[in-house]
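Only one structure is covered here, and it is reproduced in the block below.
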Amino acid sequence: MNGSRVLVLNSGSSSVKYQLLDMADGSRPASGIVERIGEGPVADHAAALKQVADELAAEGLGLDSPELAAVGHRVVHGGTRFTEPTLITDEVVGEIEKLIPLAPLHNPANVTGIKVARSLRPDLPQVAVFDTAFHSTIPEAAARYAIDVATADRWGVRRYGFHGTSHAYVSRATAELLGREPAEVNTIVLHLGNGASASAVRGGRCVETSMGLTPLEGLVMGTRSGDIDPAAIFHLSRVGGMSTDEIDTLLNKRSGLAGLCGDNDMREIGRRMGEGDRAAQLAFDIYVHRLRKYVGAYTAVLGRVDAVAFTAGVGENSPAVREAAMRGLGAFGIEVDGVRNALRSASARLISTEASRVAVAVVPTDEELEIASQTFDLVSA
Ligand code: AMP
């Protein structure tokens with residue numbers, strides 16, 4: 001292999017995000033997003049990928065450039081089949097297609113992105129990096145739901161977890177921030193973006209996470225409910241007369257912060273709270289309450305917690321959420337420093353007091369870098 005560059009592709013249902021990273025010098029020569037696939041000029045994923053290729057070529061960084069070592073694809077669901085970054089072959093594409101029923105919203109676009117990229121550069125190594133992979137170390141006691149085992153196994157119903165690339169990166173970066181080896185550190189990672197998930201990482205290995213069979217379970221999110229009594233679904237169906245698809249849309253798109261107060265953006269919620277808006281305040285309180293429950297639960301799961309790391313859009317940018325989530329946890333050894341918490345910075349930093357037994361950190365996530373590193377490591381091995 002000659003090149004040192006990796007093109008990272010994140011093919012979503014209506015957009016393709018790309019970033020070109022140079023692993024030799026850490027630079028990022030290109031990045032962009034092609035949006036609104038299916039509307040207007042970008043008819044489908046093939047057209048979107050073609051546009052990505054054209055944009056790169058226009059900057060002299062085309063897919064045919066000799067510096068390009070590999071393409072790394074983000075794939076949402078790896079099931080129990082994929083627990084590592086995987087070199088893509090026809091057989092691997094087939095296996096990812098078989099997982100579509102587990103991730104009907106995400107895997108189809110991922111597969112299309114892979115197919116088109118392979119048709120554009122059939123000779124180039126391409127690697128799939130799975131959002132579920134980091135969670136494959138979760139023990140059975142945490143991964144299994146307490147339902148009939150045969151039914152669960154037949155239909156693949158278990159906890160897979162998502163945002164794994166981010167949890168992997170952030171837990172490692174947190175250990176680095178503390179100047180310790182990942183193997184020595186127990187961390188609770190709170191990935192709070194539009195989607196949100198928590199994980200408990202013991203010595204670099206994930207032992208529990210809040211998302212489950214799908215990204216719907218766990219924390220309150222921008223538009224997703226997170227945890228809810230599953231019997232609410234039967235109730236909405238039998239008594240409310242809603243169809244399965246309607247309930248799916250309710251819980252994934254019309255719930256969470258948006259369902260509670262009409263806004264899914266924490267900035268807007270903060271502004272409304274400042275004006276005394278009670279719906280926004282209640283949405284914030286429910287969001288924070290759920291987060292605190294998970295911090296408490298994961299403290300018990302880990303036994304000893306060395307660090308709590310906040311990441312993603314809300315985690316990195318909302319001092320109010322961090323303060324409210326960590327307030328009054330002195331008995332857990334958690335003490336946030338108000339001044340440090342309020343500071344803005346793009347780099348990883350501690351926001352706990354000197355006396356705090358548990359380090360509280362803000363660690364900007366970097367899923368593109370993690371995908372590129374895993375891809376490059378695999379193809380240069
Ligand atoms: P992500 O999915 O990681 O891109 O996060 C997106 C979310 O981050 C948005 O929906 C906002 O709720 C939140 N966010 C972004 N910037 C800020 C900010 N300055 N303060 C509070 N929340 C923010």
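Counting starts at 1 for both ligands and their atoms, following the listed order. Keep in mind the model is a prediction, meaning the values are calculated, not measured.
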Practice problem: Take atom 22 (N) of ligand 1 and look for protein heavy atoms under 4.0 Å from it; say yes if you find one, no if not. | Solution: yes
Quiz item: Which residue from Arg267, His191, Met221 reaches closest to atom 15 (C) of ligand 1 through any of its heavy atoms?
Solution: Arg267
Exercise. Any atoms of ligand 1 less than 4.0 Å from a non-hydrogen atom of Ala312? List them with their elements.
Key: 3 (O)
Quiz item: Salt bridge check: are Asp148 and Arg154 linked by an N-O gap of less than 4.0 Å?
Solution: no
Quiz item: Do NZ/NE/NH1/NH2 and the carboxylate oxygens of Glu370 and Arg172 come within less than 4.0 Å?
Solution: yes
Quiz item: Nearest heavy atom to atom 17 (C) of ligand 1: which of Asn317, Thr223, Val314 does it belong to?
Solution: Asn317
Quiz item: Got a salt bridge between Arg158 and Glu140, using NZ or NE/NH1/NH2 to carboxylate O under 4.0 Å?
Solution: yes
Practice problem: Could you say whether the N/O atoms of Leu192 and ligand 1 ever approach to under 3.5 Å? | Solution: no
Quiz prompt | Pair Glu368 + Lys17: basic N to acidic O under 4.0 Å | solution = no
Exercise. Please identify which atoms of ligand 1 are closer than 4.0 Å to at least one heavy atom of Gly193.
Key: 1 (P), 2 (O), 3 (O), 5 (O)
Practice problem: Provide, to 0.1 Å, the distance between atom 2 (O) of ligand 1 and the closest protein heavy atom, together with that atom's residue and name. | Solution: Asn194 N, 2.9 Å
Quiz item: Which value, rounded to the nearest 0.5 Å, describes the distance between Phe134 atom CZ and Thr209 atom OG1?
Solution: 9.0 Å
Quiz item: What protein heavy atom sits nearest atom 11 (C) of ligand 1, and how far away is it?
Solution: Asp265 OD1, 3.3 Å
Quiz item: Counting distance only, does the side-chain N/O of Arg36 pair as donor-acceptor with the main-chain N or O of Val42 below 3.5 Å?
Solution: no
Exercise. Just need the protein heavy atom nearest to atom 14 (N) of ligand 1, so name the residue and atom and give the distance.
Key: Gly313 O, 3.6 Å
Quiz item: atom 12 (O) of ligand 1: which protein heavy atom is closest, and how many Å away?
Solution: Met266 N, 2.8 Å
Practice problem: Report yes or no: does a heavy atom of Arg344 sit under 4.0 Å from some atom of ligand 1? | Solution: yes
Quiz item: Taking NZ, NE, NH1 and NH2 as the nitrogens, is one of them in Asp265 or Arg272 under 4.0 Å from a carboxylate oxygen of the other?
Solution: no
Quiz item: In ligand 1, which numbered atoms sit nearer than 4.0 Å to a non-hydrogen atom of Asn264?
Solution: 10 (O), 12 (O)
Quiz prompt | Partner of Ser197 by side-chain hydrogen bond (donor to acceptor under 3.5 Å, both in side chains), out of Glu217, His167, His191 | solution = His167
